There are 2 protein chains.
Amino acid sequence: MTEDIPQAPSPAREQADRFLRAREVQSVALLEDYVEMIGDLMAEMGEARVADIAERMGVAQPTATKAVARLKREGLAISRPYRGVFLTEAGGTLAEKVRARHRTVVALLVAVGVPEETAELDAEGIEHHVSDSTLRAFERYLSQR
Amino acid sequence: MTEDIPQAPSPAREQADRFLRAREVQSVALLEDYVEMIGDLMAEMGEARVADIAERMGVAQPTATKAVARLKREGLAISRPYRGVFLTEAGGTLAEKVRARHRTVVALLVAVGVPEETAELDAEGIEHHVSDSTLRAFERYLSQR
DNA sequence: CACGAATTATAGCCTAAGCTATATCTTGAC
DNA sequence: GTCAAGATATAGCTTAGGCTATAATTCGTG
């Protein structure tokens, strides 16, 4: 047998794990975006209609329909055919979390000198990769200054 | 005709554009990761072999082969069957840019209080969404403190 | 209350990125 | 120089997320 007990993984393995994590994050990123969007629409108009979701996400209507189907599968939304889409409790909770994280990321970017517009643009992609640990660090940084 | 000359786009449109941009970024993110990785391997071992690329990326070997094919299509790498993979000049330039951006992102995260390990983990996903403008802001922030 | 317009769903297609299984090529050891 | 082991390529499948075209449903208006 080899020298060592379960211990330091190889550098290659560590690096691979980072990429695996990034890919995992990516797979939930779209879900998060849709959930947040549906939350917005529910707040603004009482319900989210597929056409509005599609318009705001910048996708074709059938793409939005398919995304909603996935949200339903994951227990984040409910809907009946030809009717509006609504978030479940889990969906609502996620939407709130995503919204808060988005605000924090934008605020941090602005705090370190990124122009508002750019911050808003970049945050859309960045936010999904901000872990809870990093998010807390951002909050600490923003509060003590 | 309507009231206004080509001007302020609708909020929905603006939001859609942000998502479109995030999706675009995503489509080049993997290319960037592979190019950086191949650069690392070339520096360490003189060439990048498909098996090593696969191991470090945490994917199966055929997935790496396919990725290399895409890199070749995009003019970022060259290779001959059953031989190592090498970066083109364009690939090398991109690798250097990606590596520098990665370092800056990690440094900024650490500077605002994110633990090293977490910074390294999150940076892997975040970096691809950091625009040139944001990167410059990060550099300014890091230099004046 | 019926019908046309608007909305939503469905069908079918494409590409990217992952996988396993298997075929092909290279190379080092004998 | 052969051949077995190792590395790479290929075939074929899956899922996700796009798209267009078209079918089905709902709803406001006359």
Side-chain angles (χ1 to χ4, degrees), chain A residues 12 16-38 41-42 45-74 76-86 124-125 128, chain B residues 12 16-38 41-42 45-74 76-86 124-125 128:
Chain A
D17 284 345
R18 287 206 297 279
F19 287 120
L20 287 169
R21 178 169 177 283
R23 287 202 293 273
E24 253 177 59
V25 163
Q26 199 48 44
S27 85
V28 300
L30 253 204
L31 283 189
E32 291 182 346
D33 284 337
Y34 275 101
V35 162
E36 185 182 6
M37 169 84 31
I38 292 170
L41 288 168
M42 282 175 63
M45 337 230 231
E47 69 171 354
R49 294 180 325 148
V50 169
D52 295 332
I53 298 172
E55 185 194 3
R56 295 217 192 171
M57 291 296 295
V59 299
Q61 168 259 311
T63 301
T65 299
K66 220 188 255 186
V68 169
R70 193 172 158 216
L71 293 182
K72 289 169 75 171
R73 249 189 293 146
E74 311 262 347
L76 297 170
I78 51 173
S79 75
R80 292 191 351 261
Y82 296 99
R83 285 286 138 78
V85 179
F86 301 87
E124 202 62 69
H128 302 290
Chain B
D17 285 344
R18 287 205 297 277
F19 287 119
L20 287 169
R21 178 170 176 284
R23 288 202 293 273
E24 253 176 57
V25 163
Q26 199 47 44
S27 84
V28 299
L30 254 205
L31 283 188
E32 291 182 345
D33 284 337
Y34 275 102
V35 162
E36 186 182 6
M37 169 84 30
I38 292 171
L41 288 168
M42 282 176 63
M45 337 232 230
E47 68 171 354
R49 293 180 325 148
V50 168
D52 295 332
I53 297 171
E55 185 193 4
R56 297 218 191 171
M57 290 297 294
V59 299
Q61 168 259 312
T63 302
T65 300
K66 220 188 255 188
V68 169
R70 191 171 161 216
L71 292 182
K72 289 168 75 172
R73 249 188 293 144
E74 311 261 350
L76 297 170
I78 51 175
S79 76
R80 290 188 356 258
Y82 296 99
R83 286 286 137 79
V85 179
F86 301 87
E124 203 61 71
H128 302 290

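Note that these values count all heavy atoms, side chains included, but never hydrogens, waters or copies made by symmetry. For clarity, every value in this text was computed on a predicted model and none was experimentally measured. Throughout, protein chains are lettered first and strands after them, A, B, ... in sequence-line order, and every chain is numbered starting at 1.
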Interatomic distance, A:D52 CG vs C:dT8 P [rounded to whole Å]:
7 Å
Under 4.5 Å between any side-chain heavy atoms of A:E124 and A:D33, yes or no?
yes
Are a donor atom and an acceptor atom from the side chains of B:H128 and B:E32 found within less than 3.5 Å of each other?
yes
Taking the side chain of B:L30 as its heavy atoms from C-beta onward, which of D:dT26, C:dG18, D:dA9 lies nearest to it?
C:dG18
Do B:E47 and B:R49 make a side-chain contact, defined as non-hydrogen atoms from C-beta onward lying under 4.5 Å apart?
yes
Tell me the interatomic distance from A:K66, atom NZ, to D:dG18, atom C1', rounded to whole angstroms.
7 Å
Sugar-phosphate only, base, or nothing, as touched by A:A51 at under 4.0 Å among non-hydrogen atoms
sugar-phosphate
C:dA9 phosphate, OP1 or OP2, under 4.0 Å from A:T65 side-chain N/O:
yes
B:R49 CZ - D:dA9 C1' separation (whole Å):
15 Å
Output the single nucleotide from C:dT26, D:dA16, C:dT8 whose closest atom is nearest the side chain of B:Y82.
C:dT26
Nearest to the A:A60 side chain among D:dA9, C:dT20, D:dT20, which nucleotide is it?
D:dT20
Between B:V68 and B:Y34, is the side-chain contact (heavy atoms from CB on, under 4.5 Å) condition met? List the steps.
CA-CA 8 Å; B:V68 169; B:Y34 275 102; 5.8 Å; no
Whole-Å distance between D:dG17 P and A:L31 CG?
7 Å
Starting at CG of B:D33 and ending at C1' of C:dA17, how long is that distance when rounded to a whole Å?
13 Å
Mind calculating the distance between CZ (A:R70) and P (D:dT14) to the nearest angstrom?
18 Å
Derivation of the side-chain contact (heavy atoms from CB on, under 4.5 Å) call for B:D52 and B:M37
CA-CA 9 Å; B:D52 295 332; B:M37 169 84 30; over 6 Å; no
N/O (side chain, A:T63) to phosphate O (OP1/OP2, D:dC19) under 4.0 Å
yes
When rounded to whole Å, the CD to C1' distance for the pair B:Q26 and C:dG18 reads 14 Å
Nearest to the side chain of B:P62 - C:dT24, D:dA11, D:dT20?
D:dA11
Looking at A:Q61 and C:dA9, is any side-chain donor or acceptor paired with a base atom of the opposite kind under 3.5 Å?
yes
How many whole angstroms separate atom CZ of B:F19 from atom P of D:dG17?
14 Å
Do any side-chain nitrogens or oxygens of A:R23 fall under 4.0 Å of OP1 or OP2 in C:dA17?
no
If each of A:S27 and A:P81 is mapped to the nucleotide of DNA chain D with the nearest heavy atom, which maps nearer the 5' terminus, i.e. the 5' end?
A:S27
